[in-house]
Every structure is written in structure tokens, then in C-alpha cells.
Number of protein chains: 2
Amino acid sequence: MMTRDGCPENVLAIKDAIEALEGKWKILIMLSLSQNTKRFREISREVNGITDKVLSKELKHLEINKLIVRNEFNTFPPTVEYSITEHGKSLELLLMELYRWGMKHREEVMKD
Amino acid sequence: MMTRDGCPENVLAIKDAIEALEGKWKILIMLSLSQNTKRFREISREVNGITDKVLSKELKHLEINKLIVRNEFNTFPPTVEYSITEHGKSLELLLMELYRWGMKHREEVMKD
DNA sequence: GATAGCACTTTCCGCGAGGATAGTAATATA
DNA sequence: TATATTACTATCCTCGCGGAAAGTGCTATC
């Protein structure tokens, strides 16, 4: 894995994985939606401190990455529902690994 | 894992893990050092396009995170060696997982 | 005597992410 | 009649990342 020749293409896949998760909000939004389908305003209330503009952008990003789906009903005050896809659920394993390493990492860095 | 109550602390560990790896250069530097101990100029030649300033910053970041060690010899033209720590090597598994999910992710996103 | 190499640091600069705020159409409620 | 709600979009502004380029102290080489 960590070999010279593996560099370019492997790194691209790794970067794609990181990019799908990085930033201040994506994980929080995914966790919020992992409970169940939610509407825009519900998410914005749950994910503390996020602005509408940023939430809207992040949701689009997650949708393009097929981690969530958007469902629009043309009701009179607009109704839009967001839910996690199967692919989105497959993140759970990766998040577990990140969590595991992250914990080890914190211990390692804390101890002088 | 992806439960409501797990949110705050789990997310911190996950974010630490992501933060240790995110950005344009960290993974490339780690891959370069995973081969063997190297000097500043060697890394800068191998990691294509990085500037001295950024490389210097990234190396500091990696050192603080105990993923690499810096060894300074006070020779007349300065000699400094960087090498991977045991903790740094423990990244390999995580990178494998990121790679695996990243590949699945690319397939998923590519197919319409 | 000029130049190159090393491991940085410093300064300047541009761009983009993201925060704050306000606006939109349409309806229900007070 | 005024206001709240919904899911956004638009505008403005600030901050920080990261690139380009040059400087530093000292030596070895041409």
C-alpha cells in the first residue's frame, strides 16, 4: 500500500474518501440524517451554528456524492426531505475505523 | 456508532483523524517517508510542486502529531532527517480502509 | 571571488471558504 | 392586516491557506 508505485492512483481514491467527509459540517449532517429522514429546517436546527447557505451547499455536495437523497414535494410551504442512501450507510464502517485510529491518535499525542 | 448520543465525543476523534490527513500534501509526504528516512530537500524533490514554506509547515504539523520525528545534526550545511514513527506506521491500516471505501465511492459516483 | 547547496523563515499577494444578513413566493395563523 | 414558516438564493465581507520569491548563515566547489 504505502509503496512508491502505488502513489498516484491510490492517493486519488484516498483523497476522494477524505474529501467526502472533510470540513466542519458533513459528518454532523450525516449523523443527524442517520437517525431518520429529515427536512431542511430540522437539520438546520440540529446541526448547531450552521447557516442556511452553508447547509444548502453541504447537502448538495452530499447528494452529488450519493450519500443522501433529496425528495421534493411541491406543497405550498415547500417540503423537502433528505435521507441517507445505502452508499451513505456504508460510511459507518469507515467512520468506525476513523474513530478507532482517532482515539489512539489522541492518546498518543496527549502523552508527552 | 452513528447514534445521537455518540455524537459529540466520537465526532471529535473522527475529526482528529481526518485533520491529521487532510490537505493537499500530508499523505504524499507520509508516503514518501514510508520508504525510508529522508532529508528536507529530498522530500521537497519527491513531493512535486510543494514549496519550502508549505513543506516546512506540514512537517511541523506531522511532527506535532507524532507521525514523524525530526533529527537535527549541527553540521555546517545543516542536516536534518525526517522519519516515520511507529504511530505513523499505524496509519497504514486506516489508509487501506480509506482506499477501499474511496474506490467503492468512485464507482458509485461515476455510474449514473 | 562567485556560485551553489542546505533548511529553513519572511514578506507579499490572491483566492476561495464560509459567516452574517436579507430577500423570495405562497399560505396559514393571530 | 401583520406575521410566521419553508427552502432556499444573493450579496457583502473577512479570514486564512497556500503560492511566489527572496533572504539567511555557513561551507564547498569552480
Side-chain angles (χ1 to χ4, degrees), chain A residues 11-12 14-33 35-65 67-85, chain B residues 11 15-16 18-33 35-65 67-84:
Chain A
V11 169
L12 273 185
I14 294 173
K15 289 202 166 178
D16 282 355
I18 292 179
E19 199 220 302
L21 298 177
E22 82 186 339
K24 207 168 167 182
W25 308 112
K26 293 187 193 69
I27 294 174
L28 294 176
I29 295 171
M30 288 303 287
L31 288 175
S32 159
L33 286 180
Q35 301 168 54
N36 48 53
T37 288
K38 295 210 174 96
R39 300 178 60 185
F40 188 92
R41 193 58 39 202
E42 290 182 87
I43 306 171
S44 104
R45 269 189 294 261
E46 280 197 21
V47 178
N48 229 298
I50 197 168
T51 61
D52 283 3
K53 179 184 145 193
V54 174
L55 177 55
S56 165
K57 209 197 82 195
E58 297 287 357
L59 287 172
K60 265 179 203 155
H61 186 274
L62 293 172
E63 202 198 351
I64 287 171
N65 281 284
L67 299 172
I68 64 172
V69 238
R70 192 187 117 105
N71 245 315
E72 187 174 351
F73 309 89
N74 62 337
T75 50
F76 322 107
T79 304
V80 181
E81 285 183 354
Y82 294 92
S83 21
I84 289 210
T85 59
Chain B
V11 170
K15 288 202 168 179
D16 282 355
I18 291 178
E19 199 220 304
L21 298 177
E22 83 186 337
K24 208 168 166 182
W25 307 111
K26 294 189 192 69
I27 294 174
L28 295 176
I29 296 170
M30 289 302 287
L31 287 176
S32 159
L33 286 179
Q35 302 168 52
N36 48 52
T37 289
K38 296 213 173 93
R39 301 178 60 184
F40 188 91
R41 193 56 41 198
E42 291 182 87
I43 306 172
S44 103
R45 268 190 295 260
E46 280 197 20
V47 178
N48 229 296
I50 197 168
T51 61
D52 283 3
K53 177 186 147 192
V54 173
L55 176 55
S56 165
K57 209 197 80 196
E58 297 288 355
L59 287 171
K60 265 178 202 154
H61 185 272
L62 293 171
E63 201 198 350
I64 287 171
N65 281 283
L67 298 173
I68 63 173
V69 239
R70 193 187 117 107
N71 244 314
E72 187 175 351
F73 310 89
N74 62 337
T75 50
F76 322 107
T79 303
V80 183
E81 285 183 354
Y82 295 92
S83 22
I84 289 209

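Source: prediction; values computed, not measured. Residue numbering restarts at 1 for every chain, and letters A, B, ... go by the order of the sequence lines.
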Next on the checklist: Taking 4.0 Å as the cut-off, does a side-chain nitrogen or oxygen of A:Arg41 come that near to OP1 or OP2 on D:dT5?
Outcome noted: no
Next on the checklist: If I take atom CG from residue B:Leu28 and atom CD1 from residue B:Ile50, how far apart are they, to the nearest 0.5 angstrom?
Outcome noted: 8.0 Å
Next on the checklist: From the set D:dT9, D:dC8, D:dT6, return the single nucleotide nearest to any side-chain atom of A:Pro78.
Outcome noted: D:dT6
Checklist entry - Checking all strands, does A:Lys53 fall into the base, sugar-phosphate, or nothing category for heavy-atom contacts under 4.0 angstrom? => result base
Next on the checklist: Nearest 0.5 angstrom please: B:Gln35 CD to B:Glu46 CD, how far?
Outcome noted: 5.0 Å
Checklist outcome for this item: Between CD of B:Glu81 and C1' of C:dC8 the distance, given in whole Å, is 16 Å
Checklist entry - How is A:Tyr82 classified with respect to the nucleic acid when contacts are heavy atoms under 4.0 Å: base, sugar-phosphate, or nothing? => result sugar-phosphate
Next on the checklist: Using whole Å, what does the distance between atom C1' of nucleotide C:dG19 and atom CG of A:Leu55 come to?
Outcome noted: 14 Å
Checklist entry - Between C:dA7 and B:Lys38, is there an OP1 or OP2 to side-chain N/O distance shorter than 4.0 Å? => result no
Checklist entry - Between A:Gly23 and B:Glu42, which is nearer to the 5' end of DNA chain C once each is assigned its nearest nucleotide? => result B:Glu42
Checklist entry - Any idea which of D:dA20, C:dG18, D:dA7 is nearest the A:Lys57 side chain? => result C:dG18
Checklist outcome for this item: Between A:Asp52 and A:Trp25, whichever has its closest DNA chain C nucleotide further toward 5' is A:Trp25
Next on the checklist: Nearest to the A:Val54 side chain among C:dT9, C:dG19, D:dG19, which nucleotide is it?
Outcome noted: C:dG19
Checklist entry - When all nucleic acid strands are considered with a 4.0 Å heavy-atom cut-off, which category describes B:Thr79: base, sugar-phosphate, or nothing? => result sugar-phosphate
Checklist entry - Between D:dT9 and A:Ser56, is there an OP1 or OP2 to side-chain N/O distance shorter than 4.0 Å? => result yes
Item to check | Between CG on residue A:Leu33 and OH on residue A:Tyr82, distance to nearest 0.5 Å | outcome: 9.5 Å
Checklist entry - So which nucleotide from C:dG18, C:dA7, D:dT6 ends up closest to the side chain of A:Glu58? => result C:dG18
Checklist entry - Given D:dA7, is OP1 or OP2 found less than 4.0 Å from the side-chain N or O atoms of A:Arg39? => result yes
Checklist outcome for this item: Minimal heavy-atom distance between A:Lys26 and A:Leu21, with the atoms involved, is CB-O, 3.9 Å
Checklist entry - Whole-Å distance between C:dA17 P and B:Lys24 NZ? => result 13 Å
Checklist entry - What nucleotide, of D:dC8, C:dA7, C:dA20, holds the atom closest to the side chain of A:Thr51? => result C:dA20
Item to check | Whole-Å gap separating C1' (D:dT5) and CZ (A:Arg45) | outcome: 10 Å
Next on the checklist: So, taking the atom named CG in A:Leu59 and the one named CD1 in A:Ile68, what distance separates them when rounded to the nearest 0.5 Å?
Outcome noted: 4.5 Å
Item to check | Length of the line joining A:Arg70:CZ and D:dT6:P, which is rounded to integer Å | outcome: 16 Å
